[in-house]
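Worksheet: the structure to be examined is printed underneath.
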Amino acid sequence: ETYRVAIMGATGAVGTELLDLLAERNFPVEELVLLASPRSVGRELTFKGQSIKVQDINQIDFSDIDLVLASAGGSVSKEWAPKAAAAGAIVVDNSSAFRMDPTVPLIVPEVNPEAVLEHKGIIANPNCTTILMGVALWPLHQYQPIERVVVSTYQSASGAGARAMEEVKQQAQAILRDEKPVTEAFPYPLAFNLFPHNSPLDDRGYCQEEMKMVNETRKIFGVSDLRLSATCVRVPVLRAHSEAINIEFQQPLAVAKALELLHAAPGIKVVEDWDANYFPMPMEASGQDDVLVGRVRTDLSHKCGLELWLSGDQIRKGAALNAVQIAELLVKKQLLKSKTVA
Ligand code: 2RA
């Protein structure tokens, strides 16, 4: 069977990665429809050697679409995902609009693939930081329930979009010329700098990005009271996030056992050479499907504690790849129906 697939936000950093991944992974596309904001209408993108014009979302009849991959921001998803689902399409939404909706499965295919069976038309893609952490923690949690997590993130500019990636490069050039850097995509200069994630803060002093890691991980793991505290930081890196994760278990977990579990787990590449002091780096994680995990060590301050470090491509596994893997799961479980008459 082949499917009529629409990409919402086709010209963004995640949108273009979705298009590339559908081709690279040979997803069974009958026809690809590209949707973006009015200012991008008419632009042409290439899919499998074929040039496709970006269309205005207002002109689309979703009753002709089987699958929508949405990455155009929360307001566009809020308006259009329910309409597309009502017209019979299945929507995999990368925005945060529906992630905590109890009728919407929130899925990391390596963690909770079975949740696709519960979809009511919309499936939510978790936040990038949540996906990368979930892939790494799940194999450990399955072996030995996790009591508590403390995570610090080192988030790339790509999390704020393609323009932000350009801006940090321009800022670096400006600073090297002793000029004042332009700050539009970020509130402060990011080049040669870093700052706590600038999403809105709550009354406990946590920002939305940090609470996404808490609430989304609880939903994906099915552990509503999982104890998790996050500090999210934006760093001058282009497209891969890194995370320092401290994990507390009910019983001590030996490093050798943890490494055995991580080596065997899907979506993970263990990267550690202690003699060479070589561990996951964002520069190496960029462009890869796997989450790179390393520097696994016992927490010297807690006998049931374990520390690990990871780097993962924020645009790929952190967004577009996870969404395409959910779409592949829908096909595999015969949940995606083609409206194209055979
Ligand atoms: C960020 N995770 O990195 C958020 C949105 N992609 O800012």
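As the structure is a computational prediction, the values presented were derived from the model and not from experiment. In listed order, ligands and their atoms are each counted from 1.
Side chains of S199 and E209: a donor-acceptor N/O pair is absent below 3.5 angstrom, by distance only.
Scored by the side chain to side chain donor-acceptor pair (under 3.5 Å) test, R234 finds H197 as partners (sequence neighbours excluded). Under the salt bridge (Lys or Arg N to Asp or Glu O under 4.0 Å) criterion, E110 pairs with K317, not counting sequence neighbours.
Between the side chain of K337 and the backbone N or O of D66 there is no donor-acceptor pair closer than 3.5 Å. S338 places a side-chain N or O within donor-acceptor distance of the main-chain N or O of T2, the cut-off being under 3.5 Å.
In the hydrophobic clustering, F192 connects to I175, L176, either directly or through intervening members, whenever side-chain heavy atoms lie under 4.5 Å apart.
Ordered by chain and residue number, the residues placing a heavy atom less than 4.0 Å from ligand 1 are N127, C128, Q155, G159, H197, E209, R234, H241, Q314.
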